[in-house]
Amino acid sequence: MKAWPRELSVGLALAALLGALAVFAPGFFAGPPLLSLAAREAPVLLVACGAAMVIVCRQIDISSGSQFAVVSVAAGLLAAEGWPPAAVAAAALVLGTTLGALNGLLVAGLGLPSIVVTLATMVTWREGLRWWRQGAFVNLPDGLQWLGLDQTAGQWTLIAAALGLFTLLAIASRHLAAGRHLYAVGSDAEAARLAGIRPAAVTFGAFTLAGALTALAALMNVIQSPQVDPKSGTGLELKAIAAVVVGGVAIAGGRGRLAGVLLGLLLLATVAPALTHLRIEAHWEKAIQGAIILLAVAAERARGRPA
Amino acid sequence: MSAPLLELRRLTKSFGGARALRGVDFDLRAGEVHALLGENGAGKSTLIRIITGAHRPDGGTVAVDGRPAGPLDPRGAHQLGIACIYQQPALFPDLSIAENLALRLETGGSLRRVDWPARHRRATALLERVGARLDPHREVRDLSMPEQQLVEIACALGAGARIVVMDEPTAALTQAEQTRLHGVVRELRAQGTGVIYITHRLEEIFVLADRVTVLRDGESVGTRPAADLTEPELIRLMVGREVAQPYPPAERPPGGAVLRLRRLGRRDSGVHDVSLDLHAGEILGLAGLVGAGRTELARILFGLTPADAGTIELLGRTVRPRSPREAVEMGLAYVPEDRRRHGVILDLPLAHNASLASHRRLFPGGWLRPAAERRFTEDFIRDLGIRGGGPFAPAGSLSGGNQQKVALARWLATGPRVLILDEPTQGVDIGAKAEIHRLVRRLAGEGLAVLLISSDLPEVIGMSDRIGVMRGGTLTAVLPRDATPDTVMAAALGRATEAAR
Amino acid sequence: GRAPDSARDAAGGGKRLTVALLPKSKGNAYFISCRAGAEKAARALGVDLLFDGPTDTDPAKQNEIIENWINLGVDVIAAACENREGISTALRKAQARGIKVITYDADALPDARAFFVNQATPEGIGHTLMDEAARLTNAEGEFAVILSTLTASNMQEWLKHIRARLAEKYPRMKLVAVRPCDDQKDKAQTEATTLLSAHPGLRLLMNICSPAVPGAAEAVKQAGKAVRVKVIGLGLPSENRRYVKDGVTDSVILWKTEDLGALAVEAAVALAKGTLQPGATSFRTATGATYEVKGDQILLGQPFIFNRDNIDQFNF
Amino acid sequence: MLTPSAMPRPALRHETVLLAVVLLEWLCFHALGPRFGTLENSFDLLRHSAEIGLLALAMTPVILTGGIDLSVGSLLGLCAVLYGKLWRDAGLDPGAAAGCTLALGALAGGLNAALIAGLRLPPLIVTLGTYSLFRGLAEAITRGADTFTNFPASFLFLGQERWLGLPSQAWLFAAVAAAVWLLVHRTTFGRACRAHGFAPEGARHAGLPAGRQLAAVYMLSGLIAALAAVIYTARLGQARADAGTGYELLAITAVVLGGTSIFGGRGTVHGTLLGVAALAILNNGLVHARQPREVAGLLTGALLLLALAAGTAPRLGTAWRARRAPHPSPS
Ligand SMILES: Nc1ncnc2c1ncn2[C@@H]1O[C@H](COP(=O)(O)OP(=O)(O)OP(=O)(O)O)[C@@H](O)[C@H]1O
Ligand SMILES: Nc1ncnc2c1ncn2[C@@H]1O[C@H](COP(=O)(O)OP(=O)(O)OP(=O)(O)O)[C@@H](O)[C@H]1O
Ligand SMILES: [Mg+2]
Ligand SMILES: [Mg+2]
């Protein structure tokens, strides 16, 4: 007997959670708050996509949370300096891409293990930021929030942008040669080399793209409020990686789909608000979250263990 | 005469201190099959890995069409029209067959669109050409060793290359696939393709090769037209001495039944209704086509995929091993066919690999005894003639054939009651093969029961006391030891009517 | 020790004193503000100031830093304690080595320090918050609390007094949820958004850690509930000015953090020099200000309530 | 990218490089902070690194099998709380409570073991789940607020006093370190862990008891995390649900700094110990050099990169290794 695909078991867990909400706390499905929550998770989706790409090619990036904070603060400061939004966005993207490329260079160019490299860049960026800013918030100029749109339109724009980008990436990962190269390198780097693919270039590309996506995510977060907290993004890498692995991407590379990542993120992002809606006290929250993750992945074995 | 298709001059290559190639000259003409022979570790794979750009030579030149080709990388080699079947399949385990083929064959930038229907069409066509009935959607990790080899062959054919290198393409293939492959090779030759062909099955040389180059210890001992050579001569060139009679005779008649199988099967592996007695001191050969279920049967016996039907009786007790560990405790040993994935652990040193299945015997109480382990390792390195590194060289640094010897050594050391050998001599050179044959025969003489699965038909026939033939997941015939290749093949193909039992 | 106890000797010999100031965590605007005051005071008094702490709240790390300071040989330690019991062990050890110890912001056990520079008692904070909440909601309806983490001991302490005051005086108000925000503004915003939709009857959000105040305010603003749902909390004027002016945040309660830092240093130095003795009833700083001393607590004075009318007078 | 054959042979073992780094750090801080090298401070250093050190020791065999245990920090918190409960509320004497806590820790590790070895779920996801679960249980048991304190002096001895001249926990730490070292380097168990880490299928085909093996490794990790919890409680004199937050990352940092490959198979216990030492000295020494904490963070990052670049890059060069992963992969 074959085990269930992970997407199915995660989908079932999500459906069960939504079902419980529909029965016990239908207020969860009220439009505007749900829209707000979705908009708050939109950036996380992009970071998770980046993390998925990196993991598919058998690497890991735990520095994305710190990159997120650095880009957020930098963008905030530039905006506060009076740079126009487009320039701020461009600068933030360049910065994020550079940070990602730096990881890529150390991993692919020097051949250092990615867990070590990104651990190092994670603490370096985070502590550097703390040293530099001493925790001060950045106040943004008026008019940057929602990029001047009204709030609902702004939120829809963010969600649409994130989903659009997600769809593009999902399609690219299946229908673009570069996307398939990620899988090839993650599956067997030596076989990829012999097939004329350059594993180092692909790995570098994955980290760089992840950096760019993180920068975009940071921008999408910055425009949702008029202040930047330099602590933002703390723990983001863990959330993204959790969504990726719960969504069925193999940590050993080469396997997994972005659709699963979306499901994984939806599950993880639903749990916390769901518990609030179900009136469960906060001190139970982590235990229940952990149990749900375990149940969701254990479910795929429910139909019988592969021998 | 025009410039040769490929010309290598004074190639040298070292790995750390070990010199794999010491100045080899080699050339390949259009429309010829040039066989490359040599003992395990002679440097054959290293040579072709330089041709395909997988390794960079330390010295020497490579010229294609008479023009020097700088140091090649795999991509450059591909563009020059060089395709290769590697000895160790270089496939992507997580991807489908179709995609594996496509990644090796498609050219173009990384921003091109992937045409999945076209990929599948091409894969189907290529698989058909090499005679593999495989669904192109299947993931390579689920393929058996011979199936992977067929995919590799399809890759090399699809490339439409002018130079095709085949490193032991038939190591795990049975007669039927082998014959089919020979047809394909001849077809290529007729089209003007140059083929470099490496094999340890000498009979292939005489039906296929135009010229033969023999490597010994990283040096070429000469290139000759195949027609001018006889088998003993060839062996002498390779080994530098005569090799004794290949198949040692049985010393005494088999004893009582050690292993009895009754209607054994497992639904999802397609094996069903296998009934068989294996006696102490007996070597029972198992023949069949790729996918006939021989490996699957072995995996059932060894507890890798436990049976769900029928019974196994070992030494009079009914058993059903649920894991290899249980099987080992019962006295079974299994040398798997896929040595890179299952047979050895490439990153572990040779000594650790060899002692891995005999921890209890070698290290009572669980404490490692390095000195004892070292002695044990040095013994089998000597006995099996393993070359290319001391006891603490990682197994992955050995040549393919030497790795196979390590895989064998691991199980011979466990002192089993029943030994299951799945392609035990794949990739092993002629000298070592004879050594292994003698060893297996000697162990059988000491009362060991051996199940010998091999696609090397002469080996099965030469070594076995009886020959079982499998087809479609079950045992269809058991032939006596004087069977001829023709009767075995006939049974394997299902043309036999006299299912002797 | 091998080396002469240069710093310790200095206490008597007129050389520069070293004051070590321990925040609960670094990179927190509240403590940055304390530090600014402390540095000013240190300069004025001519002492060396060491400011260091864990980068994230962690009682074990605080202990380590204190023990390191003991070995380093500082003269006085002024600590804001993440966890009362845990840190007292280390502080007692410091005292045993002749290092003077005071606490500020959050206290340790009384026997582990000489004085506590008290910006406001937990009781005072709890009551002020609860009273302000009642005033804004006419003492009826549901409210929720957002705090930094469930395990922060001062948060729990304040919460205890908030609950006590609630039970005692405001029977028609109801605390419906307590949510942590991990000291992150973004997380507080998400939590507040969820609270608003899960509890439609919510009248007020009480935020007892500083990043939560602007986070909750933004959530309320985005939900279009600025009129109906009040936002109050403990926070810094600079982070909340915009929302207070917009009428989203109704009041922010805080003491003058720079003064707290300065007072901590002043008291520490006085203690080391022996000008501040146990049993004193008032404390006169070198700059001339006088603070009340009650038992072993030096009182900073009443907390301020910042609102629309007075927020522009404060710039920290 | 370097081709396999172009890479130099390893000039130095990673552990040698790391040892040099540790010595260099020591000399540096000795020069910068006059009181850094005192016996007093060295003992404190030992006491402060005991818990992280224990977790890193627990993590080493886990990572050698190709797994990871993200739950150790949370389990430390849970065990600290359980210890408090057992002592204060169930009325056990400190020794008995410690015994029970160790058993419960092993049991909690057993949950990881059951899911990873029994159901064959990926370790990363399982321990990500229990990372949250264990911390959550700790918070649920205490409602986040309850703090256990006022432990008897006989118990605090374990964390705060000296025994035979050394901090008491140093003895425990040394015993565990020696035991884990022997287990990893001198027993067939350790050998089998490596085999599994390099190639799980290959190990199974060799008849190694993969399931039992993994289960044992994760239960051991739980047991050691519980021991760390007891020591932590004794050192701080308090137990609370947030004990050990973030320690898993510190432990992993020490292990990878020690040269253990995150993909399994490769690594040593002495490497881990050196990794722990390098980080502990850095954190302590910078206080003596009067540098702020952030600098410790920045230098940790730099140290990770430099030590690994010096030690790992050449080692990646052995061609057989590169053949399997010629593009970068942890070594
Ligand atoms: N990556 C490597 N690292 C170290 N040594 C190697 C490596 N590859 C090959 N060698 C050594 O080079 C020598 C030649 O190996 P090669 O694989 O070319 O032999 P071969 O002729 O193909 O043998 P076989 O018939 O067994 O496949 C052997 O001694 C082998 O140990
Ligand atoms: N009837 C069947 N149904 C489903 N799968 C089958 C069936 N027969 C064979 N297979 C599959 O085909 C593959 C090849 O089978 P197997 O390796 O047992 O053949 P074999 O006789 O050992 O071949 P070889 O001689 O090449 O080793 C296996 O993956 C097996 O699961
Ligand atoms: Mg070879
Ligand atoms: Mg087979």
Side-chain angles (χ1 to χ4, degrees), chain A residues 58-60 62 106-117 119-128 130-131 185 188-190 192-193 198-203 238 241-242 245-246 250-252 281-298 300-301 305-306, chain D residues 1-2 7 66 74 111 115 118-126 128-140 142-145 241 249 252-253 256-257 261-263 292-298 300-305 308-309 312-313 316 322-331:
Chain A
R58 200 165 192 250
Q59 304 291 349
I60 193 148
I62 55 173
L106 290 169
V107 173
L110 291 188
L112 298 177
S114 57
I115 177 95
V116 180
V117 166
L119 194 61
T121 50
M122 170 176 103
V123 287
T124 305
W125 302 150
R126 180 68 67 188
E127 299 297 334
R130 205 185 319 260
W131 210 19
V185 170
D188 187 330
E190 174 63 0
R193 188 175 77 90
R198 289 202 310 268
V202 173
T203 307
L238 206 61
I241 291 172
V245 293
V246 168
I251 199 74
E281 288 197 69
H283 54 255
W284 282 106
E285 183 174 311
K286 285 187 189 139
I288 294 175
Q289 269 179 354
I292 287 179
I293 293 183
L294 291 179
L295 285 178
V297 294
E300 76 183 55
R301 290 286 187 270
R305 289 154 51 180
Chain D
M1 202 178 83
L2 294 169
M7 291 201 214
S74 301
L111 175 63
L115 293 167
L119 287 187
R120 307 234 190 103
L121 294 170
L124 183 79
I125 313 180
V126 168
L128 197 66
T130 51
Y131 158 84
S132 192
L133 180 70
F134 293 156
R135 179 73 61 200
L137 287 176
E139 286 185 359
T142 57
R143 303 177 63 83
L249 203 60
I252 294 173
T253 307
V256 295
L257 181 58
S261 159
I262 203 78
F263 283 136
R293 284 257 130 185
E294 293 88 337
V295 177
L298 292 173
T300 304
L303 189 67
L304 271 173
L305 288 181
L308 265 286
T312 311
L316 274 172
R323 194 163 68 182
R324 293 194 60 214
H327 84 308
S329 80
S331 153

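Residue numbering restarts at 1 for every chain, and letters A, B, ... go by the order of the sequence lines.
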Report task. Nearest 0.5 Å please: distance from the CG atom of D:L305 over to the CG atom of A:L110. Result -> 9.0 Å

Query - chain A contact via D:L298 - which portion, at a heavy-atom distance below 4.5 Å - result: both

Query raised in the report: Measuring heavy-atom distances to chain A, does D:L115 have an atom under 4.5 Å in its side chain, in its backbone, in both, or in neither?
Result: side chain

Report task. Considering non-hydrogen atoms only, spot the tightest contact between A:H283 and D:E139 and give its length. Result -> CB-O, 3.7 Å

**Report entry** Gap between atom OG1 of D:T253 and atom CD1 of A:I115 - 0.5 Å precision
**Finding:** 8.0 Å

Query raised in the report: Nearest heavy-atom pair of A:E127 and D:R293: which atoms, and what distance?
Result: OE1-O, 4.5 Å

Query - Approximate separation, where rounding is to 0.5 Å, of A:L238 CG and D:L249 CG - result: 9.0 Å

Requested in this report: Among A:V297, A:I241, A:V245, find the one that has a side chain to side chain contact (heavy atoms under 4.5 Å, CB included) with D:L128.
Outcome: A:V245

**Report entry** When A:V123, A:L119, A:V246 are compared by non-hydrogen pairs under 4.5 Å with chain D, the top option
**Finding:** A:L119

**Report entry** Contacting moiety of D:F134, where chain A heavy atoms sit under 4.5 Å
**Finding:** neither

Query - Inter-residue atom distance D:L133.CG - A:I293.CD1, 0.5 Å rounding - result: 10.0 Å

Query raised in the report: Are any of the side-chain heavy atoms of D:L121 and A:L294 separated by less than 4.5 Å?
Result: no

Report summary line: Ranked by heavy-atom pairs below 4.5 Å to chain A, first place among D:G301, D:P292, D:A302 goes to D:G301

Query raised in the report: Looking at D:T300, D:V126, D:L257, which makes the most heavy-atom pairs under 4.5 Å with chain A?
Result: D:V126

**Report entry** Contacting region of A:Q289 [heavy-atom separation from chain D under 4.5 Å]
**Finding:** both

